[in-house]
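In what follows, a single structure is set out as structure tokens and then discussed.
Along the sequence shown, residues are numbered consecutively beginning with 1. All heavy atoms count here, side chains included; hydrogens, waters and symmetry mates do not.
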Amino acid sequence: MRYQLYCVLLILLKNAACLPQFISNGNLERFGGISVDEYRYSNVLTESSFEHGIASGDPTMNSIILWTRITIRKNTHGLVPVYLAISESLYMENATRYTTFTNSEIDYTVKVDVEGLDPGKTYYYQFLSADGESTRIGRTKTLPPNSWIGELKFAVYSCSNFAGGFFTSYAMPAVKDSVDYVIHLGDYIYEHENGVYTNGTAIGRTHLPNTEMWTLKNYRDRYAVYRSDHDLQLSHAQFPWILVWDDHEVADNSWLRGSVNSIGWDFLERKENAIRAYIEWLPIRPQQNINKIWRRLKFGKLLDLLMIDTRHYSRDVTDVYTNTDYIASIADREERTMMGFDQEDWLYSSLKTSESVWKVIGSQTVVNHVEFGAIGDIIGAPFSERNYDSFDGYTANRRRLLDAIDENNISNVVLVSGDFHVSWVHELKKDVESYDMKTGEGSLLVEFASTACSSPTTFPKHFTIEDCLKLSETFVSSNVGVLWNEGWYRGYFELTLNEKEVQADYFGTNVTNDIREEVKLATFVVDQGKNRIRRSFDGQIHYGFLDPRVM
């Protein structure tokens with residue numbers, strides 16, 4: 001495929017002995033028979049810098065993706081050398097050093113798959129240019145060995161809109177140094193022009209370019225704006241990220257062959273541009289099929305993390321606002337799938353064969369069934385009955401997932417999901433009759449859904465925090481299995497796992513300023529083997545509405 005020319009970004013050439021800490025014109029060495037001087041251009045590297053930070057992601061036991069981008073202020077079509085040092089020491093002592101190249105064909109991004117690392121170990125890394133410019137020192141971590149069992153902590157995010165508000169929630173786990181890894185469930189960027197959906201002019205965070213994204217340059221420029229954010233750079237520099245895309249990395253409510261305002265060839269060309277920019281700009285390891293990002297990460301004996309793609313791999317037609325009645329009429333058809341049947345088979349097989357204590361599924365969209373009848377008129381279209389762009393538009397796909405868990409007696413499955421811009425906690429069951437909301441008996445698994453990092457709440461924008469609490473009460477009370485909801489704060493949650501329990505701590509931030517502060521919203525615990533929320537909430541619910549039936 002054409003993508004492979006760009007996404008297997010550059011050949012890594014290793015020379016641990018010769019490359020000095022900072023490279024000068026007089027001491028560049030040959031690496032694998034290639035002279036760096038042969039690819040240098042006069043005055044180019046004296047006008048370069050690293051403006052978009054560094055990042056790491058997709059760790060394995062023995063490797064990690066490391067990323068940066070070098071900004072070139074003069075036009076060149078040649079290769080530009082970039083150097084990488086990686087060490088077990090914060091002070092970069094005894095560093096292993098590499099050289100690689102980038103150019104305009106990949107937007108001067110650099111993505112290196114560093115191999116030969118040790119399991120469960122923290123590493124430090126830094127990129128350098130040939131004239132001595134350097135990035136900050138980043139920190140990353142490989143996956144633990146297969147025999148490991150201990151405690152893991154993740155920060156979980158969804159829906160980060162640059163023009164919608166400040167990225168304070170990205171900074172807080174780094175400030176607290178409270179997690180090991182980051183999970184991002186999609187909508188890392190948004191495709192709209194400034195003033196459409198969000199307007200960042202008043203807070204100095206306008207969407208640039210000031211147009212809706214269609215071309216490769218559009219998408220690249222939008223990533224450059226997002227990656228200029230200091231809070232986002234801080235998180236990327238401190239933690240390895242594990243990502244999947246949702247719709248706005250391409251276009252609103254996109255599916256396999258279309259979106260809200262594009263379809264056919266126009267959409268496919270747009271999607272090609274979007275995915276190419278995504279692979280270039282994010283620390284994700286490309287697969288042979290560049291459209292395939294569903295994958296499993298194994299954290300010793302404690303956890304199998306299953307990142308699924310419910311959006312672009314093989315999703316059937318979704319609600320694009322002009323066809324809501326049609327989607328409602330086909331939502332329950334057996335043949336509909338959000339994932340594609342090969343991905344479904346992979347997911348169910350992975351759950352059945354997992355030997356880890358916990359199985360966490362990372363889904364872009366909410367899986368649980370949610371009725372909007374009692375509040376649909378308040379929120380407005382298209383949520384009069386269901387959110388058909390979630391699993392409620394593909395109910396057979398959800399049933400097949402629940403059947404796989406139920407019929408194979410799979411325990412300790414937890415869902416983490418995003419997309420809807422409010423926080424909520426669900427218990428998923430096969431039917432209402434077999435489920436006791438007071439005790440949680442009959443629940444097959446728990447879903448922790450994150451609000452947006454900075455995108456607007458789905459609740460009415462003019463609502464006060466008191467209005468949101470009342471709406472949450474109506475929302476929760478009208479849905480069996482929806483335990484808690486909070487719709488005022490933007491933010492994230494931290495997921496802590498050990499052999500005995502999983503704990504989700506929800507946090508809210510103020511996206512209207514860049515002050516690094518947060519409030520604790522709520523805490524929920526799932527005990528090993530129970531598949532439901534622990535019924536003890538003393539001092540654990542600070543904001544939002546908790547259904548009194550579970551107290």
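Distance CG/L521 to OG1/T509: 9.0 Å, rounded to 0.5 Å. Here OG of S160 is found 12.0 Å from CG of D231. Values are rounded to the nearest 0.5 Å. Atom CG of D221 and atom CG of D107 lie 7.5 Å apart (nearest 0.5 Å). Atom CZ in F167 sits 13.0 Å away from atom NE2 in H230 (nearest 0.5 Å).
Under the 3.5 Å distance criterion, the side-chain polar atoms of D304 are left unmatched by any main-chain donor or acceptor of S356. Without hydrogens or angle criteria, S235 side chain to L232 main chain gives no donor-acceptor distance under 3.5 Å.
Between Y313 and W294, the angle of the ring planes goes over 60°, which puts this pair in the perpendicular group of the 30/60° scheme. In this structure, H192 and Y197 have tilted ring planes: the angle between them lies in the 30° to 60° band. Classification of the Y188-W241 ring pair by plane angle, with boundaries at 30° and 60°, yields perpendicular.
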Decide yes or no on salt bridge (Lys or Arg N to Asp or Glu O under 4.0 Å) for K141 and D180, but give the supporting numbers first. CA-CA 8 Å; K141 190 174 186 179; D180 302 299; 3.3 Å; yes
Report the C-alpha separation of F524 and W484 in whole Å, then their side-chain angles, then the decisive distance to 0.1 Å, and conclude whether the ring pair (Phe, Tyr, Trp, His ring centres under 6.0 Å) test is met. CA-CA 10 Å; F524 299 90; W484 173 79; 5.3 Å; yes
Where do T168 and I515 land on the side-chain contact (heavy atoms from CB on, under 4.5 Å) test, with the steps shown first? CA-CA 7 Å; T168 307; I515 299 174; over 6 Å; no
Stepwise ring pair (Phe, Tyr, Trp, His ring centres under 6.0 Å) test for W245 and Y278: CA-CA 9 Å; W245 51 48; Y278 182 92; 5.0 Å; yes
Could you walk me through whether H421 and N161 pass the side-chain contact (heavy atoms from CB on, under 4.5 Å) check? CA-CA 11 Å; H421 304 185; N161 188 304; over 6 Å; no
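Across all non-hydrogen atoms, the minimal contact from T523 to I541 is O-CD1, 4.4 Å. Shown here for L282 and W67, the closest heavy-atom pair between the two residues is N-NE1, 4.1 Å. In this structure, H184 and M307 approach most closely via the heavy-atom pair O-CE, 4.3 Å. Nearest heavy atom pair, residue A55 against residue Y125, reads C-OH, 3.2 Å. Nearest approach of P240 to I64, heavy atoms of both residues: CB-CD1, 4.3 Å.
Side-chain contact between R227 and H236 is present, with at least one heavy-atom pair separated by less than 4.5 Å. Counting heavy atoms from C-beta on, the side chains of F239 and P173 come closer than 4.5 Å. Two residues are said to be in side-chain contact when any heavy atoms from C-beta on lie closer than 4.5 Å; N412 and Q528 meet this criterion. F507 places none of its side-chain heavy atoms less than 4.5 Å from the side chain of F493. Side-chain contact between I279 and I290 is present, with at least one heavy-atom pair separated by less than 4.5 Å. In this structure, N531 and V413 have side chains that are not in contact, with every pair of non-hydrogen atoms separated by 4.5 Å or more. The shortest side-chain heavy-atom distance between V80 and N103 does not fall under the 4.5 Å cut-off. Side-chain contact check for C453 versus R490: every heavy-atom pair is 4.5 Å or farther apart.
Among residues two or more places apart in sequence or in another chain, the side chain to side chain contact (heavy atoms under 4.5 Å, CB included) test is passed with D527 by E501, V525, K530, R534. Every residue meeting the ring pair (Phe, Tyr, Trp, His ring centres under 6.0 Å) condition with F420, not counting sequence neighbours, appears here in chain and number order: F372, F383, W424. Here S63 pairs with T60, D113, E115, R285 under the side chain to side chain contact (heavy atoms under 4.5 Å, CB included) rule; sequence neighbours left out. Annotation: side chain to side chain contact (heavy atoms under 4.5 Å, CB included) contacts of T71 (sequence neighbours excluded): S49, E51, H52, R69. With sequence neighbours excluded, the residues satisfying side chain to side chain contact (heavy atoms under 4.5 Å, CB included) with E93 are S89, Y91.
R311 and D187 are not joined by a salt bridge, as no carboxylate oxygen comes within less than 4.0 angstrom of a charged side-chain nitrogen. The pair R220-E280 counts as a salt bridge, with a side-chain nitrogen and a carboxylate oxygen less than 4.0 angstrom apart. With salt bridges taken as basic N to acidic carboxylate O contacts below 4.0 Å, one links D58 and R295. Ion pairing between K176 and E494 holds under the 4.0 Å rule for side-chain N and carboxylate O. A salt bridge links K121 with E88; the closest basic N to acidic carboxylate O contact falls under 4.0 Å.
The only option from D246, D419, T310 that meets the side-chain hydrogen bond (donor to acceptor under 3.5 Å, both in side chains) definition with Q364 turns out to be T310.
Sequence neighbours left out, the pairs with a member in residues 127-163 that pass ring pair (Phe, Tyr, Trp, His ring centres under 6.0 Å) are F154-Y181, F154-F299, Y157-Y170, Y157-Y492, F162-Y226.
A donor and an acceptor atom, one from each side chain of H312 and S254, are located under 3.5 Å apart.
Counting heavy-atom neighbours within 6.0 Å of N94 CG, excluding the residue itself, gives a total of 12 or less.
Both tests pass for R205 against the ring of F166: distance under 6.0 Å to the centre and angle within 45° of the axis.
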